[in-house]
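One-based numbering, in listed order, for ligands and for the atoms of each. Here, residue 1 is the first one in the sequence, and each next residue gets the next number.
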Amino acid sequence: MQSQTTPLGEFDLIQRFFKTQSELMLANNPGAVNLGIGDDCALLESGRTEEIAVTSDMLVCGRHFFADANPEWLGWKALAVNLSDLAAMGAKPIGFTLALALPESNPQWLAAFSKGLFAIAHEYGCPLIGGDTTAGPLNICITALGDIPKEKAIRRSGALAGDDIWVSGTVGDARLTLAALRHEITLSNDELEHIQVRMHQPTPRVNLGIALRGVANSALDISDGLLGDLRHILKQSGKDAEIFLDRIPKSATLAKQSQAIQSQYAASGGDDYELCFTASTSKRDVIAKISASLNLPLTKIGSIKPMQYLAPEILIINSAGKTLNTDEAHQLLKSFDHFA
Ligand code: ADP
Ligand code: MG
């Protein structure tokens with residue numbers, strides 16, 4: 001039995017101290033809440049033909065970024081990671097609030113932060129509508145709201161056996177950038193210049209999310225690592241998955257690294273903010289058209305299977321067609337947990 005003082009993982013602690021009580025309250029009186037904790041966004045009745053999607057994400061100094069991080073990039077990224085959660089449900093941004101703790105009121109820092117923040121706010125038509133400001137260790141928390149026609153939100157729970165599993169763009173570059181900044185691997189200046197934008201200024205796939213309404217059966221954004229995040233879809237849909245490791249899309253820069261680094265970073269690197277979604281095989285042509293119209297690669301990396309045992313499993317198949325054993329798979333499946 002777990003002792004009272006044993007530290008819990010991120011998802012266990014949410015479940016134990018927040019989700020269970022939240023679900024009890026909502027079961028007794030859902031009010032305007034159509035979907036609570038557990039997906040990329042909560043969904044609320046709006047009294048209109050759209051539901052409102054709500055999501056919060058926080059960037060903490062020393063955890064998500066270095067203290068001397070470029071403030072313009074920080075402003076961009078703080079909103080980008082929230083818009084990515086709206087995209088994962090297929091929601092269109094409405095606006096956002098900004099809760100900010102600042103160690104000092106430095107006008108130069110704030111001008112650059114605000115520039116990055118409003119650059120992305122303009123790009124996605126998502127105005128700032130409120131917030132809170134206090135002195136304290138640097139911490140940036142944004143809550144974003146989006147609109148989604150009723151019944152069209154793409155939930156994590158909708159994957160069906162036989163669905164293709166898709167990933168947008170390429171994955172693993174944010175992890176590659178981090179490794180280069182930590183001097184764990186060496187990249188040329190040109191290579192670093194080219195890929196670091198993936199870590200500092202990720203592109204939320206808002207238009208893809210909207211285009212996938214009525215096409216994808218399930219979706220989420222990849223914030224903690226592709227295969228670990230895919231597990232959330234499997235868990236909530238009660239399914240297994242089969243993934244072909246060498247089909248996971250990688251940038252040319254990542255493809256130059258050793259096979260082990262390529263697989264590790266692409267499969268579980270995190271901070272990618274691409275979408276992983278599942279869709280019926282009958283949607284392949286529609287998805288090819290969406291890919292062409294958005295000029296965004298969409299890659300089929302595997303398929304959804306009926307669940308065999310009590311917990312969802314991911315069968316990972318390597319380039320030689322061999323299924324990875326439990327230890328090999330475990331290494332690749334380790335996604336990011338703030339308390340692990
Ligand atoms: P995401 O990576 O999509 O932002 P997370 O993995 O951070 O999602 O969180 C998983 C789910 O748990 C989400 O539905 C999120 O809203 C919820 N959640 C996370 N932290 C808390 C908390 N402190 N209280 C209530 N819900 C939380
Ligand atoms: Mg998410």
Side-chain angles (χ1 to χ4, degrees), residues 7-27 30 33-44 51-60 63-64 77-91 93 96-97 99 124 139-146 148 153-159 166-169 171 174-175 199 202-206 208-210 212 216 218-237 268-278 312 333-340:
L8 296 165
E10 179 181 341
F11 297 101
D12 290 338
L13 85 79
I14 294 170
Q15 178 73 45
R16 180 156 150 198
F17 296 104
F18 305 117
K19 191 165 185 252
T20 306
Q21 296 184 65
S22 159
E23 281 171 349
L24 261 177
M25 281 185 78
L26 292 175
V33 180
N34 291 342
L35 181 67
I37 295 174
D39 217 308
D40 292 284
C41 298
L43 296 171
L44 308 180
E51 288 176 303
I52 294 187
V54 187
T55 181
S56 285
D57 257 308
M58 181 159 60
L59 295 187
V60 177
R63 190 73 201 176
H64 299 99
K77 186 164 179 177
L79 184 52
V81 300
N82 279 276
L83 295 181
S84 177
D85 277 322
L86 293 183
M89 305 290 288
F96 70 101
T97 63
Y124 292 93
N139 190 333
I140 307 155
C141 183
I142 284 181
T143 297
L145 307 168
I148 173 98
I154 311 164
R155 300 182 181 210
R156 293 177 177 182
S157 55
W166 296 82
V167 175
S168 64
V171 288
R175 181 65 185 85
M199 175 177 162
T203 304
R205 301 302 185 188
V206 172
L208 173 61
I210 292 170
L212 289 175
S218 70
L220 47 54
D221 71 323
I222 306 165
S223 50
D224 296 336
L226 168 62
L227 297 188
D229 280 336
L230 173 63
R231 274 187 103 76
H232 296 307
I233 286 184
L234 301 180
K235 230 171 156 178
Q236 296 196 25
S237 302
S268 59
D271 237 10
D272 290 312
Y273 303 103
E274 294 295 345
L275 297 188
C276 172
F277 59 94
T278 78
L333 284 170
K334 262 177 34 187
S335 71
F336 195 75
D337 177 331
H338 282 282
F339 296 96

Calculate, to the nearest 0.5 Å, the distance between atoms CG and SG belonging to Asp57 and Cys141 respectively. 8.0 Å

What part of Thr55, side chain from CB on, backbone N/CA/C/O, both or neither, has a heavy atom under 4.0 Å from ligand 1? neither

Among N, O or S atoms, Asp40 approaches the Mg ion (ligand 2) most closely through OD1

Quick one: report the N, O or S atom of Asp85 that is nearest to the Mg ion (ligand 2). OD1

Does Ser56, backbone or side chain, put an N or O under 3.5 Å from an N or O of ligand 1? no

Roughly how far, to the nearest 0.5 Å, is the CG atom of Asp221 from the CG atom of Leu208? 11.5 Å

Check each atom of ligand 1 against the heavy atoms of Ser223 and keep those under 4.0 Å away; list them by number with element. 2 (O)

Can Asp271 and Lys77 be counted as an ion pair, charged N to O under 4.0 angstrom? yes

Out of the N/O/S atoms in Asp221, what is the name of the one closest to the Mg ion (ligand 2)? OD1

Counting heavy atoms under 4.0 Å, the part of Leu220 that contacts ligand 1 is neither

Report yes if some N/O of Asp224 lies less than 3.5 Å from some N/O of ligand 1; otherwise report no. no

May I ask you to identify the nearest protein heavy atom to atom 27 (C) of ligand 1, giving residue, atom name and distance to one decimal place in Å? Ile14 CG2, 4.0 Å

Given 3.5 Å as the limit, does a donor-acceptor pair link the side chain of Ser268 with the main chain of Gly225, or not? no

Protein heavy-atom partner closest to atom 7 (O) of ligand 1 - residue, atom, separation in Å: Glu10 OE2, 4.3 Å

To the nearest 0.5 Å, what is the distance between CD1 on Ile140 and CG on Asn82? 11.0 Å

Which residue and heavy atom of the protein sit nearest atom 1 (P) of ligand 1, plus the separation: Asp85 OD1, 3.9 Å

Do the side chain of Thr20 and the main chain of Gln15 share a donor and acceptor less than 3.5 angstrom apart? yes

Could you tell me whether the Mg ion (ligand 2) has an N, O or S atom of Asp57 under 2.8 Å away? no

Using a strict 4.0 Å cut-off to heavy atoms of Asp40, name the atoms of ligand 1 that fall inside it. 3 (O)

Just how far is it from atom OG1 of Thr97 to atom CD1 of Ile142, taken to the nearest 0.5 Å? 8.0 Å

Separation between CD of Glu274 and OG1 of Thr203, rounded to the nearest 0.5 Å: 7.5 Å

Would you mind checking which non-hydrogen protein atom is closest to atom 26 (N) of ligand 1, with the distance to 0.1 Å? Ile37 CD1, 3.4 Å

Quick test: of every protein heavy atom, which one is nearest to atom 6 (O) of ligand 1, and how far off is it to 0.1 Å? Phe11 CE2, 3.3 Å

Do me a favour and list the nearest non-hydrogen protein atom to atom 11 (C) of ligand 1 with residue, atom name and distance? Gly38 N, 4.0 Å

Could you grab the distance from atom CD1 of Ile14 to atom NZ of Lys19, nearest 0.5 Å is fine? 9.5 Å

Please verify whether a non-hydrogen atom of Arg156 lies at under 4.0 Å from ligand 1. yes

So, regarding Gly36 and ligand 1 (criterion: nitrogen or oxygen to nitrogen or oxygen, under 3.5 Å), is there a contact or not? no

Using modelled atom types only, decide if a donor and an acceptor are shared between the side chain of Asp85 and the backbone of Cys41 within a distance under 3.5 Å. no

For atom 13 (C) of ligand 1, the protein heavy atom that lies nearest, with its residue and separation: Asp39 O, 3.3 Å

Begin with the C-alpha distance, continue with both residues' side-chain angles, and end with the deciding distance and a verdict on side-chain contact (heavy atoms from CB on, under 4.5 Å) for Leu35 and Met89. CA-CA 12 Å; Leu35 181 67; Met89 305 290 288; 3.9 Å; yes

Could you tell me the residue and atom name of the protein heavy atom closest to atom 22 (C) of ligand 1, and the distance to it rounded to 0.1 Å? Phe18 CD1, 4.1 Å

Stepwise side-chain contact (heavy atoms from CB on, under 4.5 Å) test for Leu86 and Tyr124: CA-CA 11 Å; Leu86 293 183; Tyr124 292 93; over 6 Å; no

